[in-house]
Amino acid sequence: MAKTPLILIAAGGTGGHMFPAQALAEALLARGWRVKLSTDIRGARYAGGFPDAVRIDTVSAATFARGGLADKVKVPFKLVFGVLAAALGMVLDRPRAVVGFGGYPSIPALGAAWLLRVPRMIHEQNGVLGRVNQIFARRVNKLACGTWPTEGADGLNAEFTGNPVRAAVLDRAGAGYISPGDYPMDLLVIGGSQGARILSDVVPEAISALPDDLKRNLTVAHQAREEDMDRVVAAYEAGGVKADIAPFFSDIPRRLSECQLVISRAGASSVADISVIGRPAVLVPYAAAAANHQVANARMLGGVDAAVVFPESKFTAPALTETLHSILTTPNAAARMAQAALGAGRADATEALTGLVEALARKERP
Ligand SMILES: CC(=O)N[C@H]1[C@@H](OP(=O)(O)OP(=O)(O)OC[C@H]2O[C@@H](n3ccc(=O)[nH]c3=O)[C@H](O)[C@@H]2O)O[C@H](CO)[C@@H](O)[C@@H]1O
C-alpha cells in the first residue's frame, strides 16, 4: 500500500516561529497529510504543543549571531553537516514539499530541498524578511507573508496569507467588543513569549497616575518576567490598582476577548492575535529586533488607526497615562479602533497558507 504523502516543516528558535508552524502542522494532519518537523535542539524545546503524530527530526544547525569565536569557527561545518544529513533524510522520506518558517534551524532542510529540487516555500511572519528567509527567498517556489506589506519581498513570488493563530484565538475571532465606560474594565499587558521589561518599568506607573474614578473600574492582567514580578506587584499595590500578574498567561485568547484595551510588544503572533480578535492596542515595538521588524509589524495596526504605536524612546509613564485616558474615556474612538483591528486581521491565515502548501505539494503552480 502506498504511504500517505509527507510534508516537511522546518522551524525553530522562539515561540514566534514555532506557533505558526504548529498551526500549519495541525491543519495538514487534519487534511490527511503526514507531517514531519525539522528543527534543532533549541527549537525542540518549543515543540511540545505539536500534535503527537508529527515526527520530529533534530538536525545540526548553527548561527554566527551566538557564542564566541570558537563557536563561530564551527558554524560552517555544522551547517554543511546539517544540510547533508537533511538531504539524506529527504532521499529516504521523499517529502512532497518543504515549508520553512525562518530562523537558522530552517537552513538544513531548505538547503537540502534546494539541492535536491524538492518543491519548497517559506513563510515570513514579520513585516521585514528575516536573515535566513532573505537567503532563501529567491530559491523557493513561493514566499507566504504573515504581515503585509513585507519589506524585502518586492519582485518575489510573494503572497499575503497572514499569520496562523491558535485555535483558541480563532474560536474568539471578532468577539463582540464592550467599549470603555463607567463599569468594570479589563486591561491586558503582554510582552511576547518571554515578557518585556520596559512594560514593567512604565505601565504600572502610568496606570497608577490615572484619575481615581477611572482607576477604580480597572483590573489589569500584566505578564511580567520572573525577575520583575516583585516590583510590578509592589507598583500596582502602591498605585491602588487591582492587578493579576504572571510570567505567562496560558489563557491569552480569553483575556484578549474580554479586555477593553491591550498594551503589547509588536511580535508577529501578538499582532495577529490582537487583530483576529479585534481589540484597541497600544504597541511598543522591540527596538533591538533584527531590521526593526517589530516596527514593521506594528504598522499593520498603527497604519489603520487600530493602535497607538510608541517608539521605546517615547514610551514614558506620562505619555502613556495621557493615551490611556484618552482611549478609555472616548468609547466611540475605542470601538472604532477595535473594528479597524479586526479589518486588518486574517482569521483565514491557516487556511490560506495550507492551500498554498497543498498546491505546491500537488505540483500545481501556487
Ligand atoms: C523579542 C523577539 O525577537 N521577538 C520575536 C519573536 O516573538 P515572540 O516569540 O515573542 O512571539 P510573538 O510576539 O510573535 O508571539 C507571542 C505569542 O505568545 C502569546 N502570549 C504572550 C504572553 C502570554 O502571557 N501568553 C501568551 O500566550 C501571544 O498572544 C502570542 O501569540 O518571534 C516573532 C516571530 O518571528 C517576532 O515577530 C518577534 O519580534
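This structure is a prediction, so every number in the text was calculated from the model and none was measured. Counting starts at 1 for both ligands and their atoms, in listed order.
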When you look for protein heavy atoms under 4.0 Å from ligand 1, which residues do they belong to?
Thr14, Gly15, Gly16, His17, Phe19, Gln125, Asn126, Arg166, Ile190, Gly192, Ser193, Gln223, Phe248, Phe249, Ile252, Gly267, Ala268, Ser269, Ser270, Asp273, Tyr286, His293, Gln294, Asn297

Who pairs with Thr150 by side chain to side chain contact (heavy atoms under 4.5 Å, CB included), at least two apart in sequence or on another chain?
Glu124, Leu129, Cys145, Trp148, Ala153

Of all heavy-atom pairs between Phe101 and Ala11, which one has the smallest distance, and what is that distance?
CB-CB, 3.9 Å

Interatomic distance, CZ@Phe19 vs OG@Ser270, rounded to 0.5 Å, equals 9.0 Å

Is it possible for you to check whether Arg120 lies under 6.0 Å from the centre of the six-membered ring of Phe136, through NZ or CZ, and within 45° of that ring's axis?
no

Output all residues satisfying side chain to side chain contact (heavy atoms under 4.5 Å, CB included) with Ala352, sequence neighbours left out; order by chain, then residue number.
Thr161, Arg346

Excluding sequence neighbours, so at least two apart, what forms side chain to side chain contact (heavy atoms under 4.5 Å, CB included) with Asp171?
none

